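The structure appears below as structure tokens.
All figures in this text were calculated on a predicted structure; none of them were measured in a lab.
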Amino acid sequence: MPRGLVPILSMANFVIGMGAFLVIGALTPIGQGLSLTPELAGWILTVYALAYVVLSPLLVALTGAFGRRRVMAAGLALFALGAAASALAPSMGWLLAARVLAAAGAGMTTPVAAATAAALAPPEARGRVLAMVFLGLTLAQVAGVPFGSWIAYSFGWRVAFWIVAALSILAAAAIWVRVPAGLRFQPVRLADLGAVLADPKLMLAILFTATFLGAIYIPFTYVAPLLEETMGMGRNGVTIALVIAGLGAVAGNLAGGALADRLGPVRTLLILACAQVVLMPLLSALPVPILLLYLLIFTWNACGYGFNAAQQLRLVARAGARAPVALSLHAASIYLGAAVGAAIGGWVIAGYGVRAVGVAGGITALLAIVHLIASHRLDRGAGRT
């Protein structure tokens, strides 16, 4: 693997993660700026996620014959354009269109980065390498999302999007300088996308990503208004809570990669899904003492973000030469889960109030366990492990 490639790929994911999810911490300022209720403001994330679901697999397939450097740099440039358009948005409709543009850029970057790292890494270290590439997205939870939230509360949400646009341009330049020119693997075509979509057992495995993260995003999308209502937090309190959530995400991401290499991906995923069934309903028990809240948020996010390396390792082994397409669908499923979770959370809030999102997330995590077991048994029945 070329020296320094993994940190560059991780940095690109950091920018993507910050731009994608800063709306979680900035939901209240955006809603106030555009006169939106919390459940309507949640659609800013939902539309981004749905656009990613549709566009990422198509764009990965359509650009499969191009050098990886060109694809990732172009994706980051498009992401920067989407962030700049978001900063200029005068209305909800404009903002949603800009988020679709940003989703297209992200969909060209994150799965290609993962596929590049997986193809170049030695098999015995693949889980840890994938965890390091994904680390950028989790670091965005530690620094990027809380920083974006603080900027949005202090200087306005438009400034936060301008910062994302600038960082995206810097990341595109770093990709262009450090990733080897002409780096290619087996070309991916639209036919490969069709083949993966037509494989029901592989698609069932891929869609576990959406089920698992859909459960988590029921409360996580609305964590800012939840903490405001139950714990009486404002800008600083929400920012600190998001930093702690991000620290948990980093710890879980690194531990999840090592655990997947040691225990195997399926066992790792089962442990993490069971943990979510226990942890998320505790969010509906707020308020609690502040140190207990921080421990809960840290552990919840550690168990949530620990899943990604294990799931990617599982899909790389399962998909073989079509791993880039499978990973693009996995990345799309991350946002599908976020979209479904945000939508369910909005419905739960409308019907039962924001305090109910934790219980709803825990119930949905039970479905993720059933999904994982069913998918694994079908693979074993077909002679795969």
Side-chain angles (χ1 to χ4, degrees), residues 1-22 67-80 83 105-148 163-185 243 246-261 301-302 305-313 316 323-324 327-328 330-331 334:
M1 178 176 291
R3 185 178 179 181
L5 180 59
V6 170
I8 292 296
L9 298 178
S10 185
M11 180 191 69
N13 274 334
F14 172 85
V15 176
I16 296 292
M18 180 180 176
F21 296 114
L22 73 83
R68 303 296 84 187
R69 181 179 74 164
R70 290 185 180 183
V71 173
M72 288 186 283
L76 284 163
L78 192 59
F79 192 76
M108 293 171 61
T109 305
T110 297
V112 173
T116 300
L120 294 175
E124 68 276 7
R126 193 167 285 154
R128 281 164 286 177
V129 168
L130 286 169
M132 289 301 297
V133 171
F134 191 74
L135 180 63
L137 286 172
T138 55
L139 284 174
Q141 300 294 320
V142 176
V145 173
F147 175 71
I163 292 173
V164 169
L167 291 176
S168 301
I169 294 298
L170 292 176
I175 289 285
W176 192 261
V177 170
R178 297 303 301 271
V179 175
L183 183 63
R184 289 179 173 87
F185 304 105
V243 169
L247 291 172
V250 170
N253 179 76
L254 296 176
L259 197 63
D261 284 334
N301 280 270
Y305 278 83
F307 102 104
N308 194 66
Q311 175 69 342
Q312 288 185 103
L313 189 60
V316 167
L327 289 174
S328 74
H330 160 73
I334 291 175

(request) Quick one: pull up CD1 in Ile16 and CG in Leu76 and give me the separation to the nearest 0.5 Å. (result) 5.0 Å
(request) Return the minimal non-hydrogen interatomic distance between Val133 and Ala117, and the atom names on each side. (result) CG2-CB, 3.5 Å
(request) Please confirm whether the backbone N or O of Val164 pairs with a side-chain atom of Ser168, one donor and one acceptor, at under 3.5 Å? (result) yes
(request) Output the distance between atom CE (Met11) and atom CG (Leu167), rounded to the nearest 0.5 Å. (result) 9.5 Å
(message) Strictly by side-chain hydrogen bond (donor to acceptor under 3.5 Å, both in side chains), give each pair with a member in residues 105-115 just once, sequence neighbours left out.
(response) Asn13-Thr110
(message) If you compare all heavy atoms of Ala171 against all heavy atoms of Ala12, which two are closest, and at what distance to 0.1 Å?
(response) CB-CA, 4.4 Å
(message) Less than 4.5 Å apart, side chain to side chain, heavy atoms only: is that true for Ile334 and His330?
(response) yes
(message) Working to the nearest 0.5 angstrom, can you tell me the gap between Phe134 CZ and Gln312 CD?
(response) 7.0 Å
(request) Indicate the atoms forming the closest heavy-atom contact of Ser10 with Gly136, along with that distance. (result) OG-N, 2.9 Å
Report all side-chain donor-acceptor pairs from residues 252-259 shorter than 3.5 Å, counting only partners two or more places apart or in another chain.
unit_1 : atom_1 : unit_2 : atom_2 : d
Asn253 : ND2    : Ala131 : O      : 2.7

(request) Looking only at non-hydrogen atoms, find the nearest pair between Phe79 and Ala20 and report the distance. (result) CZ-N, 4.0 Å
(message) Rounded to the nearest 0.5 Å, what separates atom CZ in Arg68 from atom CG in Leu9?
(response) 12.0 Å
(message) Measuring from atom CE of Met108 to atom CZ of Arg70, what distance do you get when rounded to the nearest 0.5 angstrom?
(response) 12.0 Å
(message) Are Leu130 and Asn308 packed together at the side-chain level, in the sense that at least one heavy-atom pair is separated by less than 4.5 angstrom?
(response) no
(request) Might you point out which heavy atoms bring Ala106 and Pro111 nearest each other, and give the distance in Å? (result) O-CD, 3.9 Å
(message) Quick check for you: to the nearest 0.5 Å, what is the distance between Ile163 atom CD1 and Leu22 atom CG?
(response) 9.5 Å
(request) Start with the C-alpha gap between Val177 and Ile8, add the side-chain angles, then the distance that decides, and say whether side-chain contact (heavy atoms from CB on, under 4.5 Å) holds. (result) CA-CA 10 Å; Val177 170; Ile8 292 296; over 6 Å; no
(message) Any heavy-atom pair between the side chains of Val6 and Leu135 that's under 4.5 Å?
(response) no
(request) Please tell me if the side chains of Met18 and Phe147 come closer than 4.5 Å, counting only heavy atoms from C-beta onward. (result) yes
